[in-house]
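Here's the structure, in structure tokens; my notes come after.
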Number of protein chains: 2
Amino acid sequence: MVFGKSCSQCSVRDAALCGVLADADLAPMAAHGTQRRLARGETLIRAGDPVRLCANIQRGLMKISHTNPAGQEVILGLLWPGDFVGTPFLDGGPAPHDVVALGAVSLCVFAQGTIERTMADHPLMQRQLLSRTLAELGQVRGSLSRLARATALARVAGFIAQTAQRHRADSEDERQIELPLSRGEMADLLGLTIETVSRQMTRLKAAGVIGLPGGRRVLIQDPHALAEAAEDHV
Amino acid sequence: MVFGKSCSQCSVRDAALCGVLADADLAPMAAHGTQRRLARGETLIRAGDPVRLCANIQRGLMKISHTNPAGQEVILGLLWPGDFVGTPFLDGGPAPHDVVALGAVSLCVFAQGTIERTMADHPLMQRQLLSRTLAELGQVRGSLSRLARATALARVAGFIAQTAQRHRADSEDERQIELPLSRGEMADLLGLTIETVSRQMTRLKAAGVIGLPGGRRVLIQDPHALAEAAEDHV
DNA sequence: CGGGCATTTGATTTAGCTCAATCCCCGTGG
DNA sequence: CCACGGGGATTGAGCTAAATCAAATGCCCG
């Protein structure tokens with residue numbers, strides 16, 4: 001894959017931006033992809049409905065969320081550019097959760113029937129999908145551990161640190177990041193309330209660990225102390 | 001797969017007991033399996049070590065666990081007979097978590113190199129593995145939602161209800177189950193303390209929802225009320 | 001400039017934790 | 001057969017982190 005080459009399938013200018021092509025083993029897939037865009041708040045997959053697609057995120061973030069019987073929303077995870085969503089299988093059963101765009105999103109959508117045939121012909125591609133899914137399973141189990149025992153401070157600090165890591169690649173200023181979520185969304189993701197999230201942010205700011213220049217921006221003043229705070233368990 | 005036939009690879013008397021053979025698509029795998037037994041407390045996979053095996057659980061339960069910086073153990077999930085553990089890939093990277101036997105366990109262990117070659121020749125088998133892994137990802141995300149918002153009562157009731165569902169298949173008395181975990185292990189799984197788990201059990205008993213005949217046994221007196229309690233969110 | 005929303009801050013309440021004391025099985029040995 | 005331990009489980013009495021309720025502040029955008 002030549003850097004700078006455009007992705008013919010997805011009409012993305014730089015091939016590197018087309019998540020799916022970043023991995024050579026997944027290339028056979030790209031031939032069957034079609035472009036789709038979502039606006040903020042649009043639902044791609046609704047819990048309970050049969051999953052009719054498999055897609056790779058090119059730009060923007062999505063949330064996997066669940067609304068419990070009491071009507072509270074819980075954000076079960078975020079999907080970043082390069083991540084897959086949905087299932088390549090037609091008979092994958094009903095979707096376990098909602099998948100919703102957090103902002104403007106571009107996707108490479110693959111038809112399930114086609115992709116399943118493609119997989120049969122390209123074991124390496126399927127291998128790569130399995131490998132990624134196993135890795136994700138490990139990640140999700142990691143966040144279980146945070147929700148089980150971490151203090152509010154550790155959850156918030158951990159989220160900021162993790163977001164910073166994701167941003168590091170494509171950032172002009174190493175130390176300044178823009179959180180992809182509102183305080184309310186952070187609360188839903190971390191299993192806290194808006195007020196508690198806000199208080200912990202203030203606390204980190206007061207301790208000189210971070211700066212809050214306004215909006216969703218965070219200035220990481222003391223990365224070491226931030227990592228330390230993220231490990232603060234009861 | 002003929003019911004009642006013995007599993008020649010795993011020396012399990014009834015083929016149906018050999019988890020891996022329960023699924024026809026996974027049959028090619030069985031030819032490469034070797035039997036292994038673990039005693040209670042034995043560690044199969046240690047977090048951080050490279051994962052050298054892929055196995056299918058035949059009998060007994062295992063826990064996926066993580067010990068956080070403060071030294072508290074968190075149980076991230078349970079593995080039941082029929083479940084897979086480890087990775088079929090040699091380059092799967094370091095294990096994200098520990099995997100430990102909760103009691104006596106029998107496994108069908110597959111060599112990674114062999115299984116990877118087998119997968120290349122049997123796309124349906126790989127397909128099945130991917131499909132199972134995607135399903136498990138959904139399950140784990142479901143438990144995230146419980147840890148994020150559910151009350152102590154809901155966590156405990158949910159665990160009992162879930163265990164009952166698993167037991168239903170192989171139980172003589174529909175209503176009586178034997179919990180696979182001690183109170184302490186339940187606490188580590190549900191993100192609570194031993195005392196809180198105990199109090200919620202007592203509460204369910206006092207409400208006539210369950211009976212506690214002693215040991216780890218639970219008598220489910222009112223399945224509907226139990227399900228209701230499991231949905232009790234703040 | 002002002003309205004509407006997100007965020008912050010404050011006061012109070014509460015679910016679950018901590019610490020501490022039994023209790024209850026259940027196996028062991030006298 | 002029964003006293004004696006011992007580990008898991010239960011129960012009790014405060015304590016605390018985070019939730020809840022309520023108000024104030026800041027900020028974006030017309």
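Small disclaimer: the values here were computed from a predicted structure and weren't measured. Chain A is the first sequence line, chain B the second, and so forth, proteins listed ahead of strands; every chain is numbered from 1.
- Atom CE of B:Met186 and atom P of D:dT10 are 9 Å apart (whole Å).
- Between B:Thr196 and C:dA15, a side-chain N or O to OP1/OP2 separation shorter than 4.0 Å is absent.
- Two residues are said to be in side-chain contact when any heavy atoms from C-beta on lie closer than 4.5 Å; A:Val74 and B:Leu144 fail this criterion.
- Following rounding to the nearest Å, B:Arg216 (CZ) and D:dT10 (C1') show an atom-to-atom distance of 16 Å.
- Using a 30° and 60° split on the angle between ring planes, B:Phe110 and B:Phe84 fall in the tilted class, from 30° to 60°.
- Separating the CG atom of A:Leu212 from the P atom of D:dC27 is a distance of 11 Å, rounded to the nearest angstrom.
- Within the model, atoms CG of A:Leu212 and CE of A:Met201 stand 5.0 Å from one another, a figure rounded to the nearest 0.5 Å.
- To the nearest angstrom, P of D:dA9 lies 12 Å from CG of B:Asp188.
- Atom pair A:Arg199:CZ and D:dA24:C1' shows a separation of 13 Å (rounding to whole Å applied).
- Where A:Gly191 and A:Gly215 each meet DNA chain D at their nearest nucleotide, the meeting point lying more 5' is that of A:Gly191.
- Rounded to whole Å, the distance from CD on A:Glu195 to P on D:dT20 is 8 Å.
- The phosphate of D:dT11 has neither OP1 nor OP2 within less than 4.0 Å of any side-chain N or O from B:Ser198.
- Between the side chain of A:His167 and the backbone N or O of A:Glu178, at least one donor-acceptor pair lies under 3.5 Å.
- Contact annotation: the side chain of B:Leu102 never approaches that of B:Arg40 to less than 4.5 Å [non-hydrogen atoms, C-beta and beyond].
- Going from atom NZ of A:Lys205 over to atom P of C:dT9 covers 7 Å, rounded to whole Å.
- Between the side chain of B:Thr133 and the backbone N or O of B:Leu129, at least one donor-acceptor pair lies under 3.5 Å.
- As judged by a 4.0 angstrom heavy-atom cut-off over every strand, A:Thr193 is placed among the base-contacting residues.
- A:Arg155 has its CZ atom 7 Å from the P atom of D:dA18, to the nearest Å.
- Using a 4.5 Å cut-off on side-chain heavy atoms (C-beta onward), B:Leu179 and B:Leu181 make no contact.
- In the helix from C:dC1-D:dG30 to C:dG30-D:dC1, the rotation axis of the first five pairs and that of the last five pairs differ in direction by 30°, rounded to 10 degrees.
- Take the nearest nucleotide of DNA chain D for B:Ile194 and for A:Gln200: the residue whose nucleotide is more 5' is B:Ile194.
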